[in-house]
Q: 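Sharing a structure below in structure tokens format, with a few things to ask.
Computed from a predicted structure; not experimentally measured.
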Amino acid sequence: MVLIDKKILAGGITMIVAGIILTIAVSESPAGQPGMTEEEIIDLMVAEDENQALELLSGILIGIGFLLVLISFGARRKKDSAKRKEKKTAE
């Protein structure tokens with residue numbers, strides 16, 4: 001019997017799915033054309049920078065989601081977590 005924390009597992013799977021969707025959405029990189037004006041070149045550079053940032057974000061989402069899935073298999077809830085005992089200090 002494997003103990004799984006379902007909330008952490010669901011969060012991890014959600015992050016992995018969001019990262020994969022974001023990766024698919026930004027898979028096309030902007031392309032330049034010969035004879036572009038300075039303004040078009042600057043717009044192209046900005047678009048390439050945004051694309052690179054979104055690729056990094058999707059990689060981070062997939063990585064953290066994978067870690068959460070792994071953590072969920074080792075997370076165990078204590079039976080006495082609802083009942084906290086206060087220790088009295090010796091005076």
Q: Hydrophobic clustering (ILVMFWY, side-chain heavy atoms < 4.5 Å, transitive) - are Leu67 and Ile60 grouped together?
A: no
Q: Quick check: is Leu54 connected to Leu44 through a chain of hydrophobic side chains (ILVMFWY, heavy atoms under 4.5 Å apart)?
A: no
Q: For Leu61 and Ile16, what are the C-alpha separation, side-chain angles and deciding distance, and is it a side chain to side chain contact (heavy atoms under 4.5 Å, CB included)?
A: CA-CA 6 Å; Leu61 279 174; Ile16 291 172; over 6 Å; no
Q: With a cut-off of 6.0 Å (strictly less than), are more than 12 heavy atoms of other residues, nucleotides or ligands near CE of Met45?
A: no
Q: So which of Leu22, Thr23, Val17, Ile24 actually passes side-chain contact (heavy atoms from CB on, under 4.5 Å) with Ile20?
A: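 One option only clears the test, and that one is Ile24.
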Q: Are there over 12 heavy-atom neighbours, none belonging to Gln52, within less than 6.0 Å of that residue's CD?
A: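 No.
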Q: Locate the shortest heavy-atom distance separating Gly19 from Ser58; write the atom from each residue and the value.
A: O-CB, 3.5 Å
Q: Look up atom CG in Asn51 and atom OG in Ser27, then write down how far apart they are to the nearest 0.5 Å.
A: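 Spacing of CG (Asn51) from OG (Ser27) equals 8.5 Å.
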Q: Roughly how far, to the nearest 0.5 Å, is OG of Ser72 from CD1 of Ile8?
A: 6.5 Å
Q: Given Met36, which partner from the list Ile41, Ile42, Asp43 fulfils the side-chain contact (heavy atoms from CB on, under 4.5 Å) test?
A: Ile41
Q: Can any side-chain N or O of Glu50 pair as donor or acceptor with the backbone N or O of Ala47 at less than 3.5 Å?
A: no
